[in-house]
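Worksheet for the structure shown next.
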Amino acid sequence: MKNVIKLGFLGMALALAAAALLPAATPIVAQEDGGIIIEGTFGAGPNQFNPLLCNDTACNRIVGLLFPGLTGTDPATATFKAGAPGSLAKEWSVSEDLKVVTYKLRDDAKWSDGTPITTKDIMYAWEMIQNDESGSPFTFVRGRVASVEAPDDYTLVVTLNEGSCDYLWDASIPGISPSHLFADVKPAELKDNAFSTTPSVGFGPFKFVEFRAGEQTSLAGNELYTDAAEGKVKPAGFIYKVVPDQTVMIEQFLAGETNLLDSPAVNRMADIKAAGDAGDVQVFSFPGVSWDYIGLNLADPTNPQNGVDENGNPIDQGKHPIFGDVQVRKALALGLDVDAMIKTAVFGEGTRMASNIIPTSWAVNPDLKPIPYNAEEAAKILDEAGWKVGADGIREKDGVRLSFNLMTNAGNTRREAIVTLAKDQLAQIGVEVNVELLDFNLVIERFYSQTYDAFVLGWRSGYPNRPDGTQLFDSSSDIVGSGSNMVSWYNEEWEKLNSDALTLAGCDMDARIKLYQKAQEVFQADLPYIPLFVINGMYAARSNVKGFSPYQAQLLWNVDTWEVLSVE
Amino acid sequence: MIKYIARRLVQAIPTVFGVTIFTFLIISLAPGGPTAALLLDPNLSSRDRENARRALGLDDPLPVQYLRWLIGDFWWQYDTDGDGTGDKWGERKGVLLGEFGYSIPNRRPVLQLFGERLGATLELGVASLLFGLLLGVPIGIIAATARGSLFDNITRILAVVVNSVPIFWLGLILILIFGSRLGVLPMGSRCPTALQGCPPLFQRLEYILLPMIVLGAGGVAGYSRYLRASMLDVIGQDYIRTAKSKGLRQRRVWFTHGARNALIPLATFLGPAITNIWAGAFITEQIFSWPGIGFLTFQSINAQDFAMLMAVSVFSAIATIFGFLLSDILYALIDPRIRFS
Amino acid sequence: MTARDMVVNLKEGQADEEYLGHSLLSLAVRRLRRDRLTLGALAVIVLITLSAIFAPQISRALNVSFDRTSGTNAFILIGGQDRLTFDPDYRFRARTLATAVVHDMGKDIKSKIVDTNYRDIRSEENGGLRVFHAGMSTNAFDIYVKGGSETGERALARNIPFGQAGDLIELPPGTYDVSLRFSTGDRAAEPFLSLNGVEVKAGWLAMGVVAGGEKSGKPLEMKFYPQNLAAIDPANARLQFIQASADAPLLNVTFGGEVIAENVVYEQEVVYEAPRQTSTLGTSAMDAPRRVLGTDDLGRDQFARLLFGGQVSLGIAFSAALIAATIGITIGILTGFYGGLLDDGVNWVITTISSLPTLLLLLIIIAVTKPGPPVLIAVLGLLGWFGVARLVRGETFSIRAREYVVSARSIGAPVSRIMLVHILPNLLSVVMIALALNIGGLILTESALSYLGFGINPPTPSWGNMLSNSQTFFTKGVHLVVVPGLLITITVLCLYVIGDGLRDAFDPTLKN
């Protein structure tokens, strides 16, 4: 026994000594034509590439490059476009009631193993979405789509539950998968399937090479990709590298270890811009799609009610003692110095909003300006509305003090800065704000239960932007416990404009835009939210990445033409 | 011997159960529960959220949830159409049958995710263990033989210092010096970035060096202290004195007779060493982007990935218990005075 | 070997022959008095603890704050094209006069901001005088002042190198003659430059700038720019910009991106009321000269943060250790005394919970409960009593079998009395040692948790969370990485040394 142990130690020592004597590692990156795009990602990184199951930012990066989807967009206008590179639908039409969407699929699309892509692959995705056992994250599609049929291999007919001009959003079937590979896979076993980690075939500009969990995912140019703008996919590969945190991600980019950077934290954007000034990197800044706002509970918080009853008739919800009065809401908006908030909370990397529509949306009203900071005007309005400054400096009216709780999720430094500033700024006009920093889940719980006064949270608009506000502001979405119109806003004029814009016969874009623009004016006049700002986004690439020319929310739209030049 | 091992394993059963119940309780206390992440997906209606909760059985009482996790529900018929009789068999096999369920954020089986990362953790763990032993044992022996010398004093002081340094800070300082300032070692990750393939370990030693030192430093300090004490103990014993009095050369006495016996108690250290390295991996892997279980666990905690955390807890407990068992067995094997009983 | 293992080795003290008749405690104290290492460590811990306790008083005395962050970035544009970054990390603080001086060394144009907090002049009756060394030669100089209420000439600042300002000199009002001598060490050296009739007014700063010189081709001269410090709005900062570079082209001065003065020529002075800002861009002046340990990325004083962080870190460690000790002693005595089923049960709990790595367990609990400091203390305490309980149990077990306890029981003394009078006092040594080691371990645990973002959340400082961003500072502020970690290490080291020292004192037979 002792000898065994002795031998063991000897062996270990020899192994280590031998290892130490071996020549140092030689990098095995082959610098091929086009070079390799290397992007860092922090956090968990992707762990899943099955398009039917992937539903987080990390895996979407890879899945988006492997499986572009049914409908593509025009990056310049941020709207859907038939026949966009990589996408399957070459054209589409919609029935008069906007309920039946018929897609014509291109017939030259192939999976990277050569199998043609047909409606079977989409029907398979639809089946999995409908099947509870598959674990698909896209169950929300069931609520929108009534049925999907495939009359032939290249025609797809999607029938929607409700017709609207947003039919392209609603009728899009996510998770198009190579059904020929899943023929024998039971839905319940989908999550166990090896395709999740080795998506062997795809139809995007890249094809899968290797996945090393927690380390990196690598892709190579797909030579079967027919939509490459310059004949072939130019970059030799794409590496998605996992790093532990935001800081390391940015440092590695600044050090040139990675050459592509998506959405750095706002407090580091200055550093990246400085590197841009020095010529080391190319920077693209844009107003992003996430926006923060102050939500005001317009209804009585002690007696939360739904917006409408079962028959769609409005329910009297009572008024919030403070926010029930639109003059107060307006005064609060005037009394908030949002520019100062942008400076402090997002280091100047924010863009003001005038209403609930992000400034880059196709439906935004360019003439509607954000409510300017004007504390005097705010004080005047409050005076006129009967809110007089009391002995302690806080305004009062009929025994009600102008004092409310403002909650937000603790730990979010941006929102903490917003509520702190709001407290200071509103104190100037005699309004008392009690800041409540709560656990995120608790904030959400109160927010849905409609028992709060006011809160600061954010929404993230989709891409392409969908200006419809039904989900957030229609009285039908005012459902205690779950509806997202938790401010209990009910404005007939706005609801009509919003629903007209959504269901306008013929869906004429210009006409719809006009309706939406009018709706934004109504929104600003009635102010259920005080919209604050959109948080700016940023993409950056090292200066040796040729072809980097992103649009908002469209970093990789032309990635097939990129070239990473070798750095001498 | 087999009887002894069997008895120890039986004794370990209540411990593992205790761990599972304890962790299950803590995790179930989380506000929002495992589906908290789904709350804010505006695509999901409240019905979708309820469905998700029901599909995971989160509306059942905790003991039911625990039992389902433990022994599955494949033997149970659910009443899905509400007619009072069961009509649909459950599908979970339960942990006892090796099914740890699915990670909600990742939509993959927990065991697969776990398996993918195990290699990296083992690689780092074994390297650190070896590093600790290969450095700590000689230091301890030499310090004991040269008791009171400068070497002895310095190593003893260093051992205490190493125990006082926050391990993550040691890592940061090493990265700062060798990665950032001198630029001679990578600042993290396990392999060089390349389109395909991670070269074998001996070709990327520079990547494992710092994490290995950080994770193994505690071991070096521990083993050297332990070996020194153990060696001093042995040196003072009769047979060494006898050997010396027989005129054997001192060095020979120490290294052939002394060190061999001094090493015996080291076996008892193996169990705690496994636990320590496993625990240290949580931080070390995070600092050095080492794609192992620790890194995954940390992300799972952030994502409130319940199934994953339960699995990590179970495996941690098993690793610890196994480590101690191994220690005892080794000790008994090496030391002839100990007999299994 | 971990700290806890050291304690496990502990055995009951054995009385030395020579000390027969003394109590164990007084013997230990005697031995401890001779142990200089332990005494030193004890002194360090006491010092650190006191500094933490008196953090508010100390930081007030030093006029530093742990949470005040104010200011914004400043840039100076030259000719609107080449950007001469003007200490971009400088932050404007409230009540501060920031004097920006552009100076030159031939072609090499440099810039520097010298800040003066009007609170630096302590007496309201006095004024201030400060000289900036800009653009002449690389020789350092000394400043001498004569006149006013002073009798004779005296040196007020020495060895001011090129590009630096001398300290702020507080002077009673009056008219002074200021002269400069090269710092050659030769006391008799003649002044190379002097200016008579510099007026120092109460509440004013006389800012002298030495400009020109042979390398720039302009004659050497010194000029004073009076500034009324008392007039600075307490909420704002004031930027005074002085173009002291004879060779620099026309300058545009921008502040936070906004042009505040254009085409500034040599010697021209620009004064700008700089709004104090509660937010900052980028990273701060890491080399703030007046701060002992510099500032952090938000411009907060690191020394003050360490003091207040000590309150938090030590407070958590001490309280959690006390909770752990209380629980551990109680459970240890009970199980040691009664044994049996209770003992088995407690043993099961201990084995079960300790079969999970403590850090993993803590991370899970904290991720789920997201506690503030009080809950964190409770969690740390509730998970930290195992070691103490085991030790106390063993001790109790052996004490219970001793004659005096057996006889006490035989005469029917109540159990509670036996526990309190006969057993508890004998546990003192074990508990003290365990406490010292436990506190050390808890400081390490808290720091690791906070580093990972699961402990104390900013803005409350703790030694651990001060390190949580440290990887950002590898290139910019190494002191932010090094200092807090060093402090943790020293504190824990001292606690371990004390633990070891106590053990040796209570049981010298164990010493090697």
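These numbers were taken from a predicted model, which means no experiment stands behind them. Note on naming: letters A, B, ... go to the chains in the order of the sequence lines (proteins, then strands), and numbering restarts at 1 for each one.
- For the options C:L486, C:T489, C:I366, heavy-atom pairs under 4.5 Å to chain B are most numerous at C:T489.
- Interatomic distance, C:S354 OG to B:F324 CZ, rounded to the nearest 0.5 Å: 8.0 Å.
- In B:L182, the CG atom is crowded: over 12 heavy atoms of neighbouring residues, nucleotides or ligands sit closer than 6.0 Å.
- Comparing C:V349, C:T351, C:T358, C:I365 by how many heavy-atom pairs each has under 4.5 Å with chain B, the most go to C:I365.
- Interface remark: C:I443 contributes no atoms to any contact with chain B (heavy atom separation under 4.5 Å).
- When each of B:I283, B:L170, B:T275 is scored by its heavy-atom pairs under 4.5 Å with chain C, the top score falls to B:I283.
- Ranked by non-hydrogen atom pairs under 4.5 Å with chain C, the options B:G179, B:P166, B:G136 are led by B:P166.
- The number of heavy atoms from other shown groups lying within 6.0 Å of CZ (B:F315) is above 12.
- Residues C:Y496 and B:N163 approach most closely at CE1-O, 3.6 Å, considering heavy atoms.
- Using a 4.5 Å cut-off between heavy atoms, B:I175 contacts chain C through both its backbone and its side chain.
- When all heavy atoms of C:W348 and B:T15 are compared, the closest pair comes out as NE1-N, 3.7 Å.
- In this structure, CH2 on B:W278 lies 8.5 Å from CG on C:L360, to the nearest 0.5 angstrom.
- A distance of 11.5 Å separates OH of C:Y451 from CD1 of B:I167, quoted to the nearest 0.5 Å.
- Residue B:S224: no heavy atom, backbone or side chain, is found under 4.5 Å from chain C.
- For B:T297, the part lying near chain C is the side chain, with the backbone staying farther off; criterion is any non-hydrogen pair under 4.5 Å.
- Nearest heavy-atom pair across C:L444 and B:S164 is CD2-O, 3.5 Å.
- Residue B:I301 touches chain C through both its backbone and its side chain, counting heavy-atom pairs closer than 4.5 Å.
- No side-chain heavy atom of B:T320 sits less than 4.5 Å from a side-chain heavy atom of C:L356.
- Most heavy-atom pairs under 4.5 Å with chain B, from the set C:G440, C:S355, C:S447: that is C:S355.
- Atoms CH2 and CG, on B:W169 and C:L487 in that order, are 10.0 Å from each other to the nearest 0.5 Å.
- The distance from the OG1 atom of C:T352 to the CD1 atom of B:I21 is 9.0 Å, given to the nearest 0.5 Å.
- When all heavy atoms of B:F168 and C:L467 are compared, the pair lying nearest together is CE1-CD1, 3.6 Å.
- Residue contact with chain B, scored on non-hydrogen atoms closer than 4.5 Å, involves the side chain of C:L359 exclusively.
- Counting only heavy atoms from C-beta outward, the side chains of C:L361 and B:I26 approach each other to under 4.5 Å.
- When the candidates B:A279, B:P14, B:G294 are compared by the number of heavy-atom contacts under 4.5 Å with chain C, B:P14 comes out ahead.
- Distance check, rounded to the nearest 0.5 Å: OG of B:S300 to CD1 of C:I364 gives 9.5 Å.
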